[in-house]
Amino acid sequence: MSAIDFSLLALFVPTFFFVSVTPGLCMTLALTMGMTLGVRRTLWMMLGELTGVALVAVAAVLGIAAFILKYPGAFQVFKYCGGAYLAWLGVQMWRARGRMAMAVPQEGAVTAVPSRRALALQGFVTAVANPKGWAFFIALLPPFISRDYALAPQLAMLVAIILLLETLCLLIYAGGGRTLSRLLARGENLRLINRMAGSLMLLVGAWLAFG
């Protein structure tokens, strides 16, 4: 006997892809980093974001979300801190002083970029502190889990599909950001790119804190 209800699985894949590809916090972050850092460097942010998404999905199914409902204040503090950090990065990018800001490299100069750990942490915090992500998983995942089969293999399969589709969507947005930056990357437009990316980062921070 199969351990997975494939009729539910066939419905889950297009449902989650549609929700995942819709612009949101993580997709906006991927677009912003694609503009300023390129797709390859953005992969480290994606790694942290995917880790956070997997954690939220599993926690939502296993009932840890009940803690959030019981102690919303603790979650609010985490949201505000994460939002403030992203907003600070946005301001620095707007002023072309941030570590992700694009600039014309001077001869012999070394362009500062965020560390891999910082990028991964940024993606993780954005995913875990996103209340819409929690709400989505709490609402969406339980209906796709059948009581006729063991929980573990079903959850493992659903999380694997979620991560695969999320990765695809993140790459689409990061690639779009990189393409946009190349179209605009002439000397007089670099400040525009920085301000566009900074504005997006400010939007993500405000979205995270107050969404």
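Please read these numbers as outputs of a predicted model, since none were measured by experiment.
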Could you go through residues 46-59 and list every donor-acceptor pair under 3.5 Å that involves a side-chain atom there, pairing it with any protein atom two or more places apart or in another chain?
from, atom 1, to, atom 2, distance (Å)
Thr51, OG1, Leu47, O, 2.8

Taking only distance into account, with no hydrogens and no angle test, what donor-acceptor pairs under 3.5 Å do side-chain atoms of residues 160-174 form with protein atoms, sequence neighbours excluded?
from, atom 1, to, atom 2, distance (Å)
Glu166, OE1, Ser20, OG, 2.6
Thr167, OG1, Leu163, O, 2.7
Tyr173, OH, Val21, O, 2.7

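The main-chain N or O of Gly123 is never found under 3.5 Å from a side-chain atom of Trp44 such that the two would form a donor-acceptor pair.
Taking CZ of Arg41 as the reference point, atom OG1 of Thr36 lies at 11.5 Å (rounded to 0.5 Å). Remark: Phe17 CZ to Phe12 CZ distance equals 13.0 Å, nearest 0.5 Å. The distance from atom OG1 of Thr42 to atom CD of Gln122, rounded to the nearest 0.5 Å, is 10.0 Å. In this structure, the separation between OG1 on Thr126 and CG on Leu29 is 5.0 Å, given to the nearest 0.5 Å.
You'll find the side chain of Leu119 reaches within 4.5 Å of the side chain of Met33, heavy atoms only.
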